[in-house]
Amino acid sequence: MLNLLWLIPLAPFAGFVINGLFGKRAGKPFVTAVALLGSLTPAILGTVAAIQYRGVSPHGERWVNVVYDWITSGNIGAQVAFQLDPLSIVMLMVVTWVGFLIHVYSAGYMHDDEGYWRYFAYLNLFLSEMLVLILGSSYLLMFVGWEGVGLCSYLLIGFYYKTDYAPAAGKKAFVVNRIGDFGFLIAMFLMFAYFGSVDFGKVSQIAAVGGVTPSLLTAICLLLFLGAAGKSAQIPLYVWLPDAMAGPTPVSALIHAATMVTAGVYMVARSNVLYRLAPGAMMVVAIIGGLTALFAATIGIRQFDIKKVLAYSTVSQLGFMFIAVGVGAFTAGVFHLVTHAFFKACLFLGSGSVIHAMGGEQDIRKMGGLRDKIPQTFRTFQWATYAIAGLPLAAAFFSKDEILASAWATPYFPTVGKFVWLLGTIAAFFTALYMYRLYYLTFHGKFRGTHEQEHHLHESPPSMTVPLWILGGLSLVGGLIGIPQRNWLEGWLHPVIPHIENVHGLIEIPETTEITIAAVSTLIAILGWWIARARFKERQLEGDTWLAPGLARTLENKWYVDEIYDATVVRPLERISTFLWRGIDAVIDGLLALLGYIVAACGDLLRFLQTGNVRNYALMFFAGVVIFIWVLA
Amino acid sequence: MTLHPLIESGWMNAVLPELILSAGGMLLILWTAFAPKLKGTTAPLALIVFIVAALSENAVKGGNFFGGTYQISAITQLFDITFLLAAILATLFAREYLEREGIEGGEFYALLMWGTVGMMMMAKGLDLLIVILGLETLSICIFVLVGYHRRLPISNEASLKYFLMGAFATGFVLYGTALFYGATQSTKFEAMTRYFATADATNPLLTVAFVLLLSGLGFKLAVAPFHGWAPDVYQGAPSPVAGWLSVAPKAATLIALVRIFASMMPTFHLARWSTMVAALSVLSMVIGNAVAIAQRDLKRMLAYSGIAHVGYMLIAMLSVRDQSVAAVTVYVITYALMNIGAFGVVSMLAKNQNDPQTLDDIAGLGFRRPFYGLALTICMFSLSGLPPTAGFIAKFYVFKTAVDSGYTGIALVGILTSIVSVYYYLRVVYYLYMKEAPEGYAVPVAGMFATGALAISMVGIFVIGIFPTPLFEMAGAAAHALLP
Amino acid sequence: MIEFAIFFFFAAIAVIFALVVILHRNPVVGALSLVASFFALAVMYVLLDAPFLAALQVIVYAGAIMVLFLFVIMLLNLQHGSEPATRPVQQFLGYAGSAFFGLALVYYLVKYTVLQLPPGPFLSDARAIGVTLFEAYIFPFEMVSILLLAAIVGALLLSGRGARPEVAR
Amino acid sequence: MSHVLSLVLWLPIVTAVLLMLVPRRFAAEIKVVGLAAALIEFVVSLAIVQHFEDGVAGMQLVEAHPWIKQWGITYSLGVDGISIWLVLLTTLLTPIVFLSGWNAIAKHPKEYVISFLIMEAAMIGVFLATDLLLFYVFFELTLLPMYLVIGVWGGANRIYAAIKFFLFTIAGSLLMLLGIIYMAFLHFHDSGVWSFAVTDFYGMHYRSMTTEALLFFAFSLAFAIKVPLFPLHTWLPDAHVEAPTGGSIILAGVMLKMGTYGFLRFVLPFFPNATAKYAPWLIALSVIGVIYGALVAWVQPDMKKLVAYSSVSHLGFCVLGIFALQQTAIEGSILQMVNHGLSTGALFLLVGVIYERRHTRKLADYGGLGGVMPVYATFFIIAVLSSVGLPGLNGFVGEFLILSGSFKTQPRATILATTGVILAAIYLLWLVQKVFFGPITNEENRHVKEIAWNEIAAMVPLVVLMVWIGVHPNTFLKKMTPSVQQLLTTVQNRGGAVMLTEKAR
Amino acid sequence: MIPTSWFLILSAILFTIGVCGFLTRKNGITMFMCVELMVNAVNLTFLAYARQFHQLHGLIFVFFVMAIAAAEAAVGLAIFISLFHHRETIDVDEANLMRW
């Protein structure tokens with residue numbers, strides 16, 4: 001199997017091709033079959049490969065399966081080659097299995113959509129690209145998947161292409177991502193120019209032995225992070241993610257919560273060697289992460305669209321992950337990535353189920369009291385909320401806690417670390433607050449929607465609830481893979497973070513700090529929960545009047561960031577372009593036209609020498625003679 | 001009877017073509033006089049005469065005759081052929097034109113023949129006397145041919161203008177000659193060569209003489225600023241005549257000029273006379289091309305383009321070397337093919353000849369009469385010097401010669417002006433294919449003769465354009481004969 | 001020294017009548033004074049030891065050509081009409097240009113051709129000319145026939161019947 | 001089989017001449033014959049690939065016969081890694097043109113077919129000629145047919161466009177002609193023999209730097225206009241907008257490449273020092289072109305204009321790659337020439353498809369077509385993605401090679417140019433969104449006919465190649481490598497090296 | 001004996017007068033007369049030189065020039081006649097159908 005790694009991405013791609021070509025005529029059962037196969041096969045293959053991998057490299061050396069030479073030109077050599085190592089295996093498991101679950105869920109959720117075949121084709125394509133991303137053995141191949149998933153997210157966000165907001169959102173997503181990719185590309189150019197390769201192994205090797213200057217490394221890391229910020233929705237490029245909710249809910253769950261958006265984190269973790277050699281870059285990452293976490297969380301407390309809340313929470317959680325990788329706790333970052341995949345997927349699918357029940361309604365102001373209408377959804381949602389809020393013993397309790405602890409204890413930049421910890425902690429408080437606000441407004445109180453909505457309410461089919469249960473369960477117990485001090489995940493990922501002379505490896509957190517930090521963040525979380533409970537459980541919407549109206553409006557409008565971007569970037573650019581077209585081009589053409597006109601005018605004037613009067617001709621003749629005599633003689 | 005030793009034996013077949021043409025002309029006059037009913041047959045007869053004359057070139061053997069005043073050599077024969085080619089094309093077009101206009105008559109062809117004789121004398125004369133005599137013979141014929149369409153006011157006006165200017169110019173030519181005679185004590189080229197080998201280049205009288213002579217001949221070349229007559233005359237003259245007029249006399253004059261320039265080395269350069277030639281060529285290129293843009297009347301446009309083309313030919317003349325002679329030769333032959341072709345198509349437009357034949361008259365012709373369209377298009381592209389037509393080869397040769405002899409600057413002017421020229425040549429193609437045909441008059445289908453003529457020029461253009469080597473060899477040999 | 005007197009006298013006549021030609025508005029007067037000028041020139045030819053050409057000058061020019069002129073003038077009866085004045089610009093440029101031209105010419109002639117006449121008489125009687133003409137210049141001489149023939153044909157063609165345009169009248 | 005090049009060159013001309021003799025009432029037959037000829041031509045041109053030896057740097061399948069002995073001008077053809085794919089591109093696009101215009105061209109089909117066949121031959125000649133004058137002849141010969149195609153079968157404002165196109169190009173190429181003559185003259189002075197063989201001018205010695213610089217500009221101008229490079233690009237949008245679909249396909253697909261090809265084949269090796277000296281300027285222009293074209297494309301209300309300006313942007317990449325004077329970059333830009341031919345050709349083809357159905361190219365008139373003509377939409381989006389440079393499709397490989405290559409010698413310029421990648425996404429996705437997505441605003445769009453068989457037939461090969469180049473570019477790259485290496489050594493042996501060494505690292 | 005240059009000067013003057021007349025007169029026939037004047041001036045020059053060099057060549061040249069002049073006169077006057085037929089005048093300024 002290990003030499004057939006390329007089958008893993010290929011399987012879903014096959015699914016995409018088949019569904020894409022024949023899906024429309026073939027009918028739903030066929031499409032479903034193909035799609036589920038296309039997502040289950042890589043899951044199974046991946047698992048098999050993982051098991052075999054343990055056999056071949058017990059100490060976690062990377063296993064590379066070269067397929068063929070892709071681009072060979074000058075001193076640029078790029079292969080299509082897939083690799084396995086602990087990190088990619090973790091990702092592989094998450095992506096394939098969560099992906100499979102969401103495929104199952106989608107079969108139910110999208111059942112009545114006329115674009116059913118299209119949807120699954122895209123979804124399979126996404127899966128295969130995502131797998132390329134995480135299995136690729138070089139930055140270039142990673143970039144291939146990177147752009148590929150970008151494309152799929154574009155297609156899936158714009159899935160409801162007949163509306164006018166969905167395609168716009170899709171375009172926004174793609175373009176913003178491209179801005180990130182710009183950084184990624186330049187980083188790769190730098191690598192080719194100075195490392196002569198973009199293979200993960202070679203790059204980190206050369207970097208580790210000090211083959212290049214720190215400043216160059218910093219540059220590369222920052223550029224890579226620009227890419228990551230685009231993909232993983234960090235400040236200043238996060239704006240696309242909330243809009244991306246225009247896509248079908250399962251898509252939001254899979255792409256914009258569980259898998260794709262975490263690619264940035266994966267990439268930073270993957271490049272940990274480079275980052276550790278460039279602490280400056282790490283600091284930037286950490287601070288940006290912290291700010292994002294807090295910023296998004298604040299917005300989250302004043303949103304009414306159920307998916308928007310979750311979207312901002314995703315942004316915020318991604319911020320946490322970047323804090324982790326930023327402060328050097330790469331394993332913690334990956335850990336949170338995993339747990340987040342569980343509970344956020346669960347939350348999204350839950351919201352999907354709610355929306356399904358509400359007949360497409362997403363505004364929580366129309367909901368309320370759904371707990372007994374859709375009990376299963378309610379239960380799983382509750383668990384996930386508990387998890388994300390970071391309440392004791394659930395998934396995020398461990399992961400988030402480890403992040404904050406490492407932020408506090410980071411050896412790279414202690415003081416800044418404390419500051420980042422502060423940001424994170426406040427963000428954690430808000431997280432609990434807005435999640436429970438959402439929870440209470442949705443499931444408690446009494447129903448606020450219209451009558452036919454109330455009449456229409458129903459629990460979702462098993463194809464949707466089963467994944468909910470699984471993910472809900474995981475979000476409760478998922479944290480167990482990373483219990484402090486006897487951290488399995490850390491051990492598993494250890495080989496990915498090689499030892500470098502006088503550069504810090506894994507962060508050692510003293511037990512005491514660990515516990516204190518944990519206590520603090522738990523208290524904070526509980527506080528957040530308590531406040532939410534006090535305000536919203538009974539009073540429901542009235543509870544929402546607690547913020548100063550101005551602040552409330554600002555939060556509701558997401559700090560007007562979109563507007564600011566529009567005014568400072570988009571409009572001016574458009575104006576410049578119009579000027580270039582109407583102005584410069586016109587000038588160029590004008591000048592040339594003028595030239596032509598002058599020539600023609602000269603002709604027109606000279607032609608009046610031709611008076612038709614022969615004596616003038618004679619005069620011209622004679623003038624010629626006289627002048628020549630004058631000049632020459 | 002005994003002839004004076006100066007009259008070598010064999011002079012008879014030395015001037016065989018001239019004799020044939022002269023006799024043929026008289027024959028035609030008599031034929032029309034005595035058999036006026038058979039006007040239709042005159043053109044074929046004329047053709048036969050021309051062809052016979054052309055064939056007779058084989059019988060001619062080279063050498064100098066009449067006391068070294070008359071040279072027959074490769075170049076004169078090549079030019080004879082050129083003149084005859086021009087005459088033949090003109091005849092072919094004239095046939096249907098004259099028929100349509102109801103002015104057929106042997107005189108027309110007779111005058112063509114005598115004019116050709118005149119040109120031959122210009123090409124072969126080694127004595128200014130003979131050159132001038134030829135020039136005058138030619139002029140007289142042209143006066144008449146231009147005015148041949150007697151009913152037309154413009155035709156008459158054209159001949160008036162040409163006549164007055166011609167006479168005026170003759171005065172200058174003669175006076176220039178006289179002054180040279182004063183200097184060299186002879187009007188033979190060899191004498192001039194001998195004289196100028198040691199002449200004092202600073203003598204302004206010589207310069208004056210040169211200016212007078214060149215301006216007089218420049219009139220025949222229609223080179224700016226001596227070009228005033230050209231557009232009017234071309235417009236007024238019957239189209240076939242205009243075509244012939246725009247080519248043959250220029251060819252004859254050019255070769256005469258080459259001889260003259262050659263005999264004036266090195267004073268030609270020392271006294272900056274070449275500068276005058278350069279100035280003329282630049283002026284012609286600029287004025288010709290610039291004004292042509294402003295023309296809507298095809299014949300006037302072609303007239304100006306003709307002025308410009310002479311400018312190009314003069315570029316080559318700047319350096320009087322065998323190279324440049326060859327270049328000019330090639331250019332002249334090419335020009336004959338493409339310009340007479342163009343005028344020929346114009347002559348096919350059955351329109352009241354007194355009105356200008358404007359661009360609108362050929363609108364949509366390309367699809368209504370594909371053959372004309374194709375022919376005119378090819379001629380235009382050849383005139384604008386685009387490959388793979390002969391025009392390109394010719395221009396290329398000229399520019400190459402110029403660069404080769406250090407006149408890159410003037411070559412640059414040539415290039416720039418030909419960029420301009422492309423515009424108006426292109427405009428013709430645009431009218432041919434991209435304009436809707438006007439309602440009203442119908443363009444007649446070309447008859448056998450015109451078709452033949454057009455075919456000749458098209459084929460010629462492509463053959464020279466694609467396989468120029470043979471022509472180059474001929475021209476090279478000819479040039480060598482002229483300037484050993 | 002008498003011939004100097006003759007020279008200046010007839011030179012003056014030639015020039016004066018030439019001026020009359022270009023200044024007098026009546027073509028008949030012009031033609032006649034041209035004849036006079038040509039006579040004067042004929043005298044010059046005699047002074048240049050070319051009696052034969054002097055004779056030709058009188059016969060061909062004064063006799064034939066100018067009569068032809070007069071004939072045409074009469075035929076088209078232009079003798080009364082005196083032409084209107086031309087555009088002053090043309091006028092001025094014409095005078096100025098030719099003045100410059102003439103002055104330059106004369107200046108250079110004076111400056112550069114101070115020639116000593118060779119001794120001995122210059123024999124150029126009809127016989128000598130005839131011999132040369134028919135020996136050295138036989139070919140041009142023959143070709144002149146073509147020239148004249150063309151001229152005749154042309155003249156006939158242009159002025160003959162049918163020249164009248166039906167449109168014009 | 002050594003005459004394969006001549007065969008490829010003359011087959012279309014012969015066909016065209018024969019077709020001239022066919023009376024035009026046989027319109028249908030003429031179209032069939034034309035298509036057949038073009039297809040055969042393509043098959044024959046495949047023989048070139050088959051006989052092409054990899055790993056050989058110099059010209060292959062060479063043919064040389066004296067043409068104009070007096071001046072040492074020869075009819076000499078040859079193909080190497082630089083030209084081979086462009087030839088193939090030409091032979092591929094011509095049948096596609098015929099297919100796409102199958103029903104569209106109602107007016108004068110005979111002349112249409114003939115023009116395109118002659119054009120094809122001329123373009124092939126441009127890429128095959130190894131004699132400077134022969135090259136020039138073909139270079140100019142392409143003008144007339146294109147002039148007619150634009151002028152006769154073009155849109156409302158076609159005359160203006162056609163004449164503009166012609167004058168721009170001729171202005172450049174005539175100056176180049178003078179340059180050619182002057183070079184030949186210099187060569188004659190050095191060696192005493194007239195020759196126009198391209199190789200004879202490699203590593204030539206010039207009297208002075210000024211001479212070389214002037215000649216450099218004489219040539220560069222011609223090619224810069226053809227490409228077109230920034231300030232000289234204004235003929236392109238007009239020509240494209242007015243040209244019929246087929247014309248646009250060929251114009252964008254092949255003719256623009258004649259410019260970039262000219263830079264590679266002539267300018268670089270002829271004037272190494274001047275190149276080294278002035279490369280920064282041309283690079284600056286090309287970068288400006290990249291960004292400028294993209295920005296202007298973004299605000300175009302007319303689909304064709306949008307694509308046209310996108311060409312300006314894409315060709316900017318090619319020129320950047322060329323003047324980076326770096327193996328990878330040059331290979332990249334050669335590949336990018338092909339890519340652009342495919343993707344932009346496809347885009348023009350597709351724009352033509354709806355234009356033919358709706359007779360408007362205004363973006364505003366469309367919207368929501370995705371639901372009406374899904375197959376069409378799919379093709380369009382694929383073409384767009386390839387043009388955006390999505391990995392896995394051809395565009396990415398080309399751009400990546402160019403940028404990563406030129407980054408080594410021209411970092412700043414490259415970074416600027418890379419922004420073009422972002423902008424490309426902006427304007428092309430904008431196009432897609434406006435045309436295919438959103439609610440159907442315009443009732444006429446409700447019943448637009450789905451893409452027809454001939455158009456699909458025309459599109460499929462393009463798509464296949466897009467994927468092929470994207471997935472396995474080595475097929476194409478490995479044939480170029482030796483030739484490009486040789487080219488670079490020619491350039492660097494003289495002065496060109498200076499810049500490289502100082503820039504790198 | 002009278003020095004040649006005097007004749008030359010005289011002929012130059014006459015030639016100039018001829019030119020001047022040609023440029024300043026409108027009457028076609030008068031203009032043509034001026035041309036004749038120029039030609040005669042040329043003849044004078046030829047003869048002067050001929051005597052100077054004791055050559056017959058100059059004389060012969062004059063002889064031919066006379067022939068030429070005669071021929072021109074014949075054709076020219078014919079042209080004037082038909083011009084007159086066309087437009088009742090021989091004022092050449094009137095003859096400007098074709099211009100520009």
Side-chain angles (χ1 to χ4, degrees), chain C residues 3-4 7 11 14-15 18-19 21-22 27 30-31 34 38 41 44-45 47-50 53 56 60 65 68-69 72-73 76 78 83 86 91 94-95 98 101-102 105-106 109-110 113-115 117-118 122 124 128-129 132-133 137 140 144 147-148 151-152 154-155 158-159 163-165 168, chain E residues 1-10 12-21 23-27 29-30 33-34 36-37 40 43-44 47-48 50-54 56 59-60 62-64 66-75 77-82 84-87 90-91 93:
Chain C
E3 57 188 12
F4 280 88
F7 173 80
V15 172
L19 286 172
V21 172
I22 69 165
L34 191 61
F38 285 170
L41 279 175
M44 292 293 155
Y45 292 179
L47 286 179
L48 286 166
D49 315 344
L53 282 179
L56 274 184
V60 175
I65 298 181
L68 188 56
F69 273 80
V72 172
I73 295 171
L76 311 178
L78 308 162
E83 73 184 72
T86 42
Q91 207 76 323
Y95 288 127
S98 37
F101 179 73
L105 217 50
V106 173
L109 283 168
V110 172
T113 57
V114 275
L115 298 162
L117 286 174
F122 172 40
S124 68
I129 294 176
T132 340
L133 203 52
Y137 297 89
V144 169
L147 175 72
L148 294 169
I152 295 160
L158 290 180
S159 58
R164 278 177 179 61
Chain E
M1 296 288 275
I2 304 156
T4 311
S5 18
W6 296 16
F7 291 100
L8 297 183
I9 292 164
L10 175 60
I13 293 169
L14 289 175
F15 188 87
T16 316
I17 293 173
V19 171
C20 180
L23 294 176
T24 53
R25 297 303 296 270
K26 308 173 80 167
N27 182 321
I29 291 185
T30 317
M33 287 198 267
C34 295
E36 293 294 352
L37 196 55
N40 276 276
N43 288 350
L44 186 55
L47 286 175
R51 187 193 59 160
Q52 175 68 37
F53 307 139
H54 282 199
L56 281 178
L59 278 74
I60 304 292
V62 173
F63 179 85
F64 283 111
M66 285 183 177
I68 290 168
E72 276 189 346
V75 178
L77 292 168
I79 290 174
F80 283 119
I81 290 171
S82 80
F84 192 83
H85 286 153
H86 273 290
R87 54 181 75 214
I90 54 170
D91 178 343
D93 282 14

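Here the structure is a predicted model, which is why all the values come from computation and not from measurement.
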Inset, instruction - Return the option, out of E/A74, E/A73, E/A71, E/G18, with the maximum number of heavy-atom pairs under 4.5 Å with chain C. - result: E/A71
Legend entry - Separation of E/N43 CG from C/M44 CE (nearest 0.5 Å): 14.0 Å
Inset, instruction - Report the option among E/I68, E/L47, E/I79 that has the most heavy-atom pairs separated by less than 4.5 Å from atoms of chain C. - result: E/L47
Inset, instruction - Could you tell me which portion of E/D93 (side chain, backbone, both or neither) has an atom closer than 4.5 angstrom to a non-hydrogen atom of chain C? - result: side chain
Legend entry - Most chain E-contacting option - heavy-atom pairs closer than 4.5 Å, from C/L76, C/V72, C/V60: C/L76
Legend entry - Gap separating the CZ atom of E/F80 from the CG atom of C/L158, nearest 0.5 angstrom: 12.0 Å
Legend entry - Side chain / backbone / both / neither for E/I90 at chain C, heavy atoms under 4.5 Å: side chain
Legend entry - side-chain contact (heavy atoms from CB on, under 4.5 Å) assessment of E/W6 paired with C/F4: CA-CA 10 Å; E/W6 296 16; C/F4 280 88; 3.4 Å; yes
Inset, instruction - Answer with side chain, backbone, both or neither: which region of E/E36 has an atom nearer than 4.5 Å to a non-hydrogen atom of chain C? - result: both
Legend entry - Closest-packed option against chain E by number of heavy-atom pairs under 4.5 Å, given C/L68, C/L148, C/L53, C/L105: C/L53
Inset, instruction - Measure the spacing between CG of C/L48 and CD1 of E/I2 and express it to the nearest 0.5 Å. - result: 7.5 Å
Legend entry - Side chain / backbone / both / neither for E/I17 at chain C, heavy atoms under 4.5 Å: both
Inset, instruction - Select one option (side chain, backbone, both, neither) describing which atoms of E/I60 are under 4.5 Å from chain C's heavy atoms. - result: side chain
Inset, instruction - Could you look at E/L10 and say if it's the side chain, the backbone, both or neither that has a heavy atom under 4.5 Å from chain C? - result: side chain
Legend entry - E/R51 side-chain N/O to C/A50 backbone N/O, donor-acceptor pair under 3.5 Å: no
Legend entry - Minimum heavy-atom distance between E/M66 and C/L56, given as atom pair plus value: SD-CB, 3.9 Å
Inset, instruction - Evaluate the side-chain contact (heavy atoms from CB on, under 4.5 Å) criterion for residues E/T16 and C/S98: first the C-alpha distance (whole Å), next the side-chain angles of each, then the deciding distance (0.1 Å), finally the verdict. - result: CA-CA 6 Å; E/T16 316; C/S98 37; 3.9 Å; yes
Legend entry - Part of C/L34 within contact of chain E (heavy atom distance under 4.5 Å): side chain
Legend entry - Partner chain C: residue of E/N40, E/V62, E/I13 with the largest heavy-atom pair count (under 4.5 Å): E/N40
Legend entry - Residue, of C/A128, C/A14, C/A18, that accumulates the most heavy atom pairs under 4.5 Å with chain E: C/A18
Inset, instruction - Can you see which heavy atom on E/A12 is nearest to which on C/L109, and at what distance? - result: CB-CD1, 3.7 Å
Inset, instruction - Please flag which part of E/C34 lies under 4.5 Å from any non-hydrogen atom of chain C: side chain, backbone, both or neither. - result: side chain
Legend entry - Gap separating the CZ atom of E/F63 from the CD1 atom of C/I129, nearest 0.5 angstrom: 8.5 Å
Legend entry - Most chain E-contacting option - heavy-atom pairs closer than 4.5 Å, from C/G154, C/G30, C/P140: C/P140
Legend entry - Verdict with supporting geometry, E/L23 and C/Y95, side-chain contact (heavy atoms from CB on, under 4.5 Å): CA-CA 8 Å; E/L23 294 176; C/Y95 288 127; over 6 Å; no
Inset, instruction - Taking all heavy atoms of E/T24 and all of C/G94, pick out the closest pair and write down the distance. - result: CG2-CA, 4.3 Å
Inset, instruction - Could you grab the distance from atom OG1 of C/T132 to atom CG of E/L59, nearest 0.5 Å is fine? - result: 8.5 Å
Legend entry - Worked verdict on C/Y137 versus E/F64 for side-chain contact (heavy atoms from CB on, under 4.5 Å): CA-CA 10 Å; C/Y137 297 89; E/F64 283 111; 4.3 Å; yes
Inset, instruction - Name the option with the most non-hydrogen atom pairs under 4.5 Å to chain E; the candidates are C/D49, C/V144, C/I73, C/I65. - result: C/I65
